[in-house]
Amino acid sequence: MVEGETAEDHSGSSVLGVDVGGTWVRVGLVSQEGKVSESRRYIMDSHSQKSTLDSIETALAHFINFWKGPKPLALGVGLVGHTRPSAGLWVLAMNLPIQSSVPIRRLLREKTGLPVAIDNDVHAATLAELRWGMGKGLQNFVYLNIGTGLAAGMVCDGKLLRGAANYAGELGHMVVDPGGILCSCGQHGCLEPLCSGAGILAQVRSGLREYPNSSLFRAARGGTLTASQVFQAAEAGDLLAGRITGRAVQALSTALTNLVNLVNPSAIFYGGGVVGDGWLMGKVSEFVFANCLVAARHALKGIWASRFDPEQVGLVGAACLAWDYLERRRESTKMGDKN
Ligand SMILES: [Zn+2]
């Protein structure tokens, strides 16, 4: 445990959310209004599948042991990669070493005694946008997350678009540069290595040989470089930063324009570390509005930063899964009563 707040009983009903990321596992209590009343984050040891699962279980056990307030009603877990919520399975992840299907719902139910709902983390954040965020009341919107990786959640006709295998929204693996940079998925030319946080930093590292005088050299070698610094360096005229950001803007602009033409959203909301300073999306928005189809442009009211705290959106999304589950259970009980 590396960070926390004072345990305090906010009473009433809360659910437990678990946001499983590549570096941290964040655990917290979230109210029915989407407010985080208590949260802690724990280090993720992701060197193997076993250590990854152990990190999640240890984080949960620590939080539950620490929490002295009312018992949470349920547990929601947001996971990177491919999940099958109805079967409770974490099938595969590329940014964490999950290589064989894990019955994560059963494992965590046995550990906590709570009902457990799971889903992909970006699906979960999109559902939170729909329930509590800027997407509330909208029938068609896109939630775009660009942090270490890149993915989108699409709400079409009021519902999250899941696809045949609950794998819709993998915008990061849209091919925008055939034969381009090798991606974590094994293909060449995906969007993710061009404009995700990990992709931008990897391009800086590999570009330093060609641009040894780049202003990014020291931060890149010291391991402290952020995407935001790369954007600032590009504005200041750094050639390496300019080349990388130019490609990122072009690739993301192309992908989002295609997405807007494809799903016809009335809004795009974005979150994640790479878009936190607004630089990248400012450039991309201009291109999208200038290049999408006229009818799609008229319908698209804006491309805006999500109002969720970037540090907590994963947790709020995970908790949203638990609230959705409790609501479905209540509905099915009501239906059962009627029959
Ligand atoms: Zn890919």
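Atoms within each ligand, like the ligands themselves, are counted from 1 in listed order. Only heavy atoms go into these numbers, but all of them, side chains included; no hydrogens, no water, no symmetry mates. Because the structure is predicted, anything quoted here is derived from the model rather than measured.
Ion pairing between a basic and an acidic side chain is recognised when a charged N comes within 4.0 Å of a carboxylate O; E110 and R105 show no such pairing.
For P193, the side-chain contact (heavy atoms from CB on, under 4.5 Å) test picks out I181, C183, C190, with sequence neighbours left out.
If you look at the Zn ion (ligand 1), the protein N, O or S atoms less than 2.8 Å from it are H173 ND1, C183 SG, C185 SG, C190 SG.
Between the side chains of Q229 and T226, at least one donor N or O lies within less than 3.5 Å of an accepting N or O.
Remark: R26 is not positioned above the aromatic ring of Y42, lacking an NZ or CZ atom under 6.0 angstrom from the ring centre and at most 45 degrees off the axis.
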Listed pairs under 3.5 Å, donor-acceptor, residues 280-291 side chains, sequence neighbours left out:
unit_1, atom_1, unit_2, atom_2, d
K283, NZ, E235, OE2, 3.4
S285, OG, M281, O, 2.6
N291, ND2, F287, O, 2.8

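The list of salt bridge (Lys or Arg N to Asp or Glu O under 4.0 Å) pairs with a residue in residues 159-176, not counting sequence neighbours, reads D119-R162.
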